[in-house]
Amino acid sequence: MYPAEIASFPYLSPATAVSFKTHYHVDTNDFLLQYNSLLVSQATSYQQHVAHLPDETSLPAGNKSNSDESDDYQRSLAEERRRRRMISNRESARRSRMRKQKQLSELWAQVVHLRSTNRQLLDQLNHVIRDCDRIAHENCQLRDEQAKLQKQLEKIPLENTESTFMDPDT
């Protein structure tokens, strides 16, 4: 790494320059495979659970005159409603978890994208800093050369005038 390069937003002096490294790695393909397998297993589990539940039409109609049968029928209807409500709540919770998981995976994808963009911008910034340092160094060398040439130029008229006074024939 060039001494004036930076690895994050604050400028690092040459003495404190460090390289940029992430503290963890996220493999988006592995993450998506695990996410999809979780969704498939939840959907299969739900379908198996729903297949075993009795339909309301399959419940015994019974004789309405008998109060015990009527109470049993009412209880079985209430139990069936409760079971359906539980299944509905579970399905709603499953959909909510899926939405949350999808949002999380989208946020991770955004994190990966933003880190990549950040790395590219830092690389560009480091390139510009290197160019700026190089140009500043060249300017310094050109100023030194200008000063040397200026001194040589100042010596030239003195030598010519001195030689004219000493040798009047020329």
Problem set entry | Asp72/Arg75 ion pair, N-O < 4.0 Å | yes
task: For the pair Glu154 and Lys151, find out whether any cationic side-chain nitrogen is under 4.0 Å from an anionic carboxylate oxygen.
output: no
When rounded to the nearest 0.5 angstrom, what is the spacing between [atom1] in [X] and [atom2] in [Y]?
X      : Y      : atom1 : atom2 : value
Asn139 : Arg134 : CG    : CZ    : 10.5 Å
Leu77  : Glu80  : CG    : CD    : 8.0 Å
Leu153 : Gln146 : CG    : CD    : 11.0 Å
Arg90  : Arg97  : CZ    : CZ    : 10.5 Å
Ser92  : Arg95  : OG    : CZ    : 5.0 Å
Leu114 : Arg119 : CG    : CZ    : 15.0 Å

Is the backbone N or O of His113 less than 3.5 Å from a side-chain atom of Thr117, with the two atoms forming a donor-acceptor pair by type?
yes
For the backbone of Ser67 and the side chain of Ser70, can you confirm whether one donor and one acceptor N or O come within less than 3.5 Å of each other? no
Run Arg99 and Gln103 through side-chain contact (heavy atoms from CB on, under 4.5 Å) and show every step you take.
CA-CA 6 Å; Arg99 279 192 306 271; Gln103 184 182 17; over 6 Å; no
For Gln152 and Leu149, what are the C-alpha separation, side-chain angles and deciding distance, and is it a side-chain contact (heavy atoms from CB on, under 4.5 Å)? CA-CA 5 Å; Gln152 287 179 356; Leu149 290 174; 3.7 Å; yes
Checking Arg81, Met86, Glu79 against Arg83 for side-chain contact (heavy atoms from CB on, under 4.5 Å), the one that qualifies is Glu79
For a 4.5 angstrom cut-off between non-hydrogen side-chain atoms, does Gln124 reach Leu121? yes
Can you find a side-chain donor-acceptor pair between Asp131 and His127 that sits under 3.5 Å?
yes
With side-chain contact (heavy atoms from CB on, under 4.5 Å) as the test, would you mind laying out the steps for Gln141 and Asp144 before giving the verdict?
CA-CA 5 Å; Gln141 287 177 337; Asp144 289 345; 5.6 Å; no
CD of Glu138: more than 12 outside heavy atoms within 6.0 angstrom? yes
